Visitor: 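Encoded as structure tokens, here's the structure I'll be asking about.
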Amino acid sequence: MSQSLHLAIRTVHVLAMALLVGGAAGLWAAARRRVDDLDVLARRYEWLFWAALGGLVVTGVGNLGALGAPGPGTRWGQTLLAKLVIVALFVLGSAVRTLAVTRTDRSTPLAAWSRRAYGLTTVTLLGLVVLAEVLAHG
Amino acid sequence: MAETAATSRTTRETVGRPTTTLTAWTLATTNTVGFVLAVLVPAYASGGLSDVLPSLNTAVGVVAFLALWLVVGVTTHWVLAHIDPSSDSAVRLTLWAGSCGALAGVVFLVGIVVGLGVPAAVVGSFGLRTVVLLAAVGTPIAAIVGAVVGVTAGLLDVVLLRIADRVTPRSDRR
């Protein structure tokens with residue numbers, strides 16, 4: 001039961017991150033190609049984004065408990081603290097991005113703004129993936 | 001004339017509803033995740049979490065997070081339905097944020113007591129009276145902590161909304 005639960009939590013964690021990175025990169029690419037209905041895509045992504053982010057955080061804490069986190073004085077602990085601080089800043093930045101999307105008119109061309117916003121989101125998420133790799137595999 | 005006004009109002013509400021809900025969903029999740037990180041980061045940095053985390057029940061932790069998310073989501077949606085962060089006074093915003101934070105704290109505590117405390121009392125060694133006593137002592141504490149967290153989260157939300165207003169391209173603003 002415990003093993004299955006931890007496997008499920010890790011699976012949800014990885015899938016949620018895949019959804020965030022894939023969605024942000026997809027929107028970045030869509031903005032570069034100036035596809036139609038970018039605002040509809042962006043709004044749909046933002047709905048999923050916050051659901052996945054909540055899932056990521058709760059499964060991330062679950063992973064910490066399951067794996068047994070070394071102390072904050074270790075190199076691993078310092079990396080984890082750095083990751084958590086970046087996550088906190090990323091959450092605040094993402095809130096601004098989503099709230100900005102909700103303020104745009106559906107008829108407004110969003111390509112230039114979306115290119116910057118989702119490009120930055122993608123790069124930050126990839127940085128967090130690298131930190132997660134370091135934590136998982138040293 | 002009246003029909004035109006009614007049509008205009010209906011159109012505005014229909015168009016506005018998803019945006020408002022996405023705003024509430026965004027702020028609720030930001031507040032929930034922010035609260036968890038605000039507890040987690042200092043607790044881990046101080047060294048107090050390393051020994052505690054492995055002993056916590058993962059399933060209980062997930063359920064507690066989902067319950068907190070739900071309570072914060074409902075109260076955030078409720079607050080945004082009654083106040084306008086861009087135009088209401090700071091006193092009104094503070095009162096609403098504090099009151100809803102206190103309510104969220106109490107509801108969350110009651111949910112934890114009913115969902116986890118009562119079943120543990122039924123099958124465990126400590127009695128139902130202990131659970132009731134813990135709930136009675138915990139309720140005012142949960143209300144105070146909830147009010148403080150609510151006001152802090154409300155302040156953060158207002159700041160985020162104002163920054164979002166600035167970064168939205170000027171021609172795109174509603």
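Keep in mind the model is a prediction, meaning the values are calculated, not measured. The chains referred to below are lettered A, B, ... by the order of the sequence lines, with proteins before strands, and numbering in each begins at 1.
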Visitor: Please report the closest heavy-atom contact between A/L5 and B/A59, naming both atoms and the distance.
Guide: CD2-N, 3.8 Å
Visitor: So which atom in A/P72 and which in B/A45 form the shortest heavy-atom distance, rounded to 0.1 Å?
Guide: CG-O, 3.7 Å
Visitor: Any residues in residues 50-63 of chain A near chain B, with a heavy-atom distance under 4.5 Å, and which are they?
Guide: A/W50, A/A51, A/G54, A/G55, A/V57, A/V58, A/V61, A/G62
Visitor: Against chain A, label B/L160 side chain, backbone, both or neither, depending on which of its atoms sit under 4.5 Å from a heavy atom there.
Guide: both
Visitor: After noting the C-alpha distance and the side-chain angles of A/L92 and B/L156, does the key distance pass the side-chain contact (heavy atoms from CB on, under 4.5 Å) rule?
Guide: CA-CA 9 Å; A/L92 295 177; B/L156 177 70; 3.9 Å; yes
Visitor: Got a second to check how far B/T58's OG1 is from A/H6's NE2, nearest 0.5 Å?
Guide: 3.0 Å
Visitor: With a 4.5 Å limit on heavy-atom distance, are the side chains of B/L161 and A/R103 in contact?
Guide: yes
Visitor: Considering heavy atoms only, which positions within residues 11-18 of chain A lie below 4.5 Å of chain B?
Guide: none
Visitor: Say whether, by atom type as modelled, one donor and one acceptor occur between the side chain of B/Y44 and the main chain of A/G71 under 3.5 angstrom.
Guide: yes
Visitor: Taking atom CZ of B/R92 as the centre, does the number of heavy atoms from other residues, nucleotides or ligands within less than 6.0 Å exceed 12?
Guide: yes
Visitor: Looking only at non-hydrogen atoms, find the nearest pair between B/A164 and A/V96 and report the distance.
Guide: CB-O, 3.7 Å
Visitor: Taking side chain as C-beta onward, heavy atoms only, is B/L22 less than 4.5 Å from A/L99?
Guide: no
Visitor: Are A/L27 and A/V21 joined in one hydrophobic group, where the rule is that I, L, V, M, F, W and Y side chains link up if heavy atoms are under 4.5 Å apart?
Guide: yes
Visitor: Is it the backbone or the side chain of B/T32 that comes under 4.5 Å from a heavy atom of chain A, or both, or neither?
Guide: neither
Visitor: Please check if the number of heavy atoms outside B/W78 that lie under 6.0 Å from its CH2 is greater than 12.
Guide: no
Visitor: Search all heavy atoms of B/V167 against all heavy atoms of A/A100 and return the closest pair with its distance.
Guide: CG2-CB, 4.0 Å
Visitor: Less than 4.5 Å to any heavy atom of chain A: does that hold for the side chain of B/V62, its backbone, both, or neither?
Guide: both
